[in-house]
Amino acid sequence: MPSVDDILEHIGEFHFFQKQTFFLLALFSAAFTPIYVGIVFLGFIPNHRCWSPGVAELSQRCGWSLAEELNYTMPGLGAADKAFLQQCMEYEVDWNQSTLSCMDPLSSLPDNRSHLPLAPCQHGWVYDTPGSSIVTEFNLVCANSWMLDLFQSAVNVGFFIGAVGIGYLADRFGRKICFLITILINASSGVLMAISPNYTWMLLFRLIQGLVSKAGWLISYILITEFVGLSYRRTVGIFYQVSFTIGLLVLAGVAYAIPHWRWLQLAVTLPNFCFLLYYWCIPESPRWLISQNKTKKAMRIIKHIAKKNGKSMPASLQSLRADEEAVEKLNPSFLDLVRTPQIRKHTLILMYNWFTSSVLYQGLIMHMGLAGGNIYLDFFYSALVEFPAAFIIIFTIDRIGRRYPWAVANMAAGVACLASVFIPDAVVGLVAGGLVLLLPETKGKALPETIEDAETMQRPRKYKENMIYLQVKKPDIPLN
């Protein structure tokens with residue numbers, strides 16, 4: 001009996017239906033960017049200093065300009081290595097005392113300015129920004145700066161749990177239903193985060209977004225690769241990532257137009273509700289239906305695909321089989337990833353490389369706001385350079401293979417971090433590049449279907465007994 005790949009060769013591996021589905025899911029991939037890197041704008045840290053009601057009153061009475069106020073009242077002014085003093089400390093001075101003059105008020109005190117006691121900001125901060133971020137609203141600076149790191153860590157914890165669990169759920173209940181549920185939860189928690197009254201509620205809803213958003217993005221990737229033919233899966237997977245990069249460019253423009261974090265959060269979240277309309281646009285994966293022995297439903301979807309592609313189904317392809325029926329049925333578990341030596345080695349290397357990619361990518365992205373330039377242009381330019389990378393992969397992956405481009409990319413990232421004085425990130429990248437070379441090359445090879453196949457990928461295969469197969473071909477009769 002034919003498999004889904006056999007049928008797609010006749011009804012279209014990447015025709016109108018697949019192109020339409022890819023476009024819809026590419027939009028979803030682009031909408032994932034505000035969650036993955038939205039911290040750059042939601043958690044932007046502007047220049048700030050302690051706010052003191054006494055200083056404000058004295059400044060108003062004396063008619064100081066902003067430069068004069070800072071010169072007279074801010075500790076560590078003009079010293080590049082004393083940013084902490086300027087942003088997080090203030091003089092322990094009673095600014096309401098009448099003995100203070102308008103011309104250098106601290107000079108009238110008995111102690112020299114350098115010997116005046118300092119204390120942490122008591123009345124909050126003043127932020128030099130026309131907009132707002134979660135940092136400015138909840139004062140996530142100085143002693144509370146760890147709360148900003150916790151905010152992004154909550155998203156990453158959600159990514160981890162969601163990515164681990166969604167594979168089982170999608171195999172158990174289906175791709176489509178899990179996809180739609182993650183969309184609904186993601187959109188709802190995003191809106192609730194935008195209207196959160198305090199930091200705790202905002203953190204909780206961001207964690208929920210992390211739990212479902214990466215899971216939904218992965219299901220979307222699985223869906224599109226299961227709808228297209230074998231020869232198009234690699235290209236479709238690469239351009240699915242390109243759509244994420246397009247989302248980065250759009251995010252930079254939206255964040256520039258909406259500098260207030262609550263409105264920005266709503267602007268990037270509300271469109272997610274539109275993806276619920278995919279219930280009527282994208283069917284369930286026929287491959288998953290076949291794996292669940294729901295061949296009648298799978299055949300109905302395949303006929304729908306054929307109709308959309310303007311193709312007819314040959315009568316000889318009206319029955320289906322699962323791709324795995326040729327091998328003995330197994331009961332896989334997570335322990336299979338570490339049970340045998342070769343798979344254990346490959347699993348650990350791949351886990352380390354995914355960790356490395358996330359550290360390097362998010363680390364460089366989140367460092368933008370600290371460089372002091374235009375954060376919107378910096379973000380936009382960093383997104384633009386991802387396009388050449390995608391096209392380099394397309395042109396090299398079949399000519400050179402997978403291992404060497406991957407290893408070179410990791411090492412280049414490590415060298416770039418080294419040049420930027422990110423020493424820990426540089427070491428991580430260089431090690432990751434070296435470990436990739438320990439993985440087997442998959443160029444021109446059939447992917448393993450069993451644990452035994454994976455264990456023997458790097459060993460020379462034994463010659464199998466020659467067998468001759470005869471195929472009786474009947475004339476194809478189109479189905480009505």
Side-chain angles (χ1 to χ4, degrees), residues 3-33 36 163 166-167 170-171 174-176 178-180 182-183 213-250 275 278 281-291 298 301-302 304-311 323 350 354 357 383 386-402 405-406 409 442-449:
S3 66
V4 174
D5 285 324
D6 297 330
I7 295 177
L8 287 176
E9 290 180 2
H10 288 80
I11 66 173
E13 293 185 291
F14 194 67
H15 285 220
F16 179 79
F17 170 81
Q18 287 90 349
K19 292 175 182 177
Q20 172 185 278
T21 304
F22 173 76
F23 175 75
L24 294 175
L25 295 178
L27 293 177
F28 178 79
S29 177
F32 175 58
T33 55
Y36 194 73
I166 198 60
D171 285 342
R175 281 79 161 109
K176 183 175 179 178
C178 290
F179 179 58
L180 293 172
T182 57
I183 290 173
S213 59
K214 186 63 175 289
W217 189 84
L218 290 173
I219 296 175
S220 174
Y221 176 83
I222 293 171
L223 272 173
I224 189 57
T225 55
E226 291 186 341
F227 278 129
V228 303
L230 185 62
S231 59
Y232 286 92
R233 287 181 195 165
R234 179 190 67 252
T235 304
V236 163
I238 294 173
F239 278 98
Y240 184 76
Q241 295 278 354
V242 171
S243 63
F244 175 87
T245 303
I246 295 174
L248 295 176
L249 301 178
V250 175
F275 295 132
Y278 286 5
C281 303
I282 299 177
E284 180 58 270
S285 167
R287 298 178 192 271
W288 179 81
L289 291 172
I290 295 171
S291 71
I301 292 174
I302 289 174
H304 171 72
I305 295 174
K307 183 179 179 181
K308 282 276 191 177
N309 289 343
K311 304 285 185 177
D323 294 340
L350 291 172
W354 272 109
S357 298
E386 294 188 22
F387 287 102
F391 291 106
I392 290 173
I393 293 173
I394 291 175
F395 289 114
T396 60
I397 197 169
D398 282 335
R399 293 170 174 82
I400 302 176
R402 277 71 166 163
W406 190 7
T442 58
K443 175 190 174 186
K445 296 182 180 179
L447 295 179
E449 296 182 353

Any residue meeting side chain to side chain contact (heavy atoms under 4.5 Å, CB included) with Ile392, in chain and number order, not counting sequence neighbours: Thr396
Residues forming a side chain to side chain contact (heavy atoms under 4.5 Å, CB included) with Ala389, sequence neighbours excluded: none
Gln18 side chain vs Gly12 backbone, donor-acceptor pair below 3.5 Å: yes
Pairs touching residues 213-227 that satisfy salt bridge (charged side-chain N to carboxylate O under 4.0 Å, His left out), sequence neighbours left out: Arg175-Glu226
Closest non-hydrogen atom pair, Pro283 against Lys176: C-CD, 4.0 Å
For Phe14, ring pair (Phe, Tyr, Trp, His ring centres under 6.0 Å) partners two or more places apart: Tyr232
Minimum heavy-atom distance Lys311-His15, with the two atoms named: CE-CE1, 3.5 Å
Gap between atom CD1 of Ile7 and atom CD1 of Ile305 - 0.5 Å precision: 9.5 Å
Any residue meeting side-chain hydrogen bond (donor to acceptor under 3.5 Å, both in side chains) with Thr225, in chain and number order, not counting sequence neighbours: none
Interatomic spacing from CD1 in Ile238 to CD1 in Ile394 - rounded to 0.5 Å: 5.0 Å
CZ (Phe387) with more than 12 external heavy atoms under 6.0 Å: yes
If you look only at distance, which donor and acceptor atoms sit under 3.5 Å apart when one is on a side chain in residues 215-223 and the other is two or more places apart or in another chain?
{"residue": "Trp217", "atom": "NE1", "partner": "Ser29", "partner atom": "OG", "Å": "3.0"}
{"residue": "Ser220", "atom": "OG", "partner": "Tyr240", "partner atom": "OH", "Å": "2.9"}

CD1 on Ile301 to CG on Leu289, rounded to 0.5 Å: 5.0 Å
Residues which pass ring pair (Phe, Tyr, Trp, His ring centres under 6.0 Å) with Phe28, listed by chain and number, not counting sequence neighbours: Phe179, Phe275
Contacts of Glu9 that satisfy salt bridge (Lys or Arg N to Asp or Glu O under 4.0 Å) - sequence neighbours left out: none
From Phe244 atom CZ to Thr33 atom OG1, the distance as rounded to the nearest 0.5 Å: 6.0 Å
Over all atoms of both residues, closest heavy-atom pair of Arg233 and Val228: CG-CG2, 3.7 Å
Least distance between heavy atoms, Ala383 atom then Leu249 atom: CB-CD2, 3.4 Å
Minimal non-hydrogen separation, Asp5 against Leu230, with atom names: OD1-N, 4.0 Å
Listed partners of Phe227 passing ring pair (Phe, Tyr, Trp, His ring centres under 6.0 Å), at least two apart: Phe17
From CZ (Phe23) to OG (Ser243), nearest 0.5 Å: 10.5 Å
Listed partners of Ala306 passing side chain to side chain contact (heavy atoms under 4.5 Å, CB included), at least two apart: Ile11, Met313
Which residues share a side chain to side chain contact (heavy atoms under 4.5 Å, CB included) with Phe16, sequence neighbours left out: Gln20, Lys308, Asn309
Which atom of Ala298 lies closest to which atom of Pro286, heavy atoms considered: CB-O, 3.8 Å
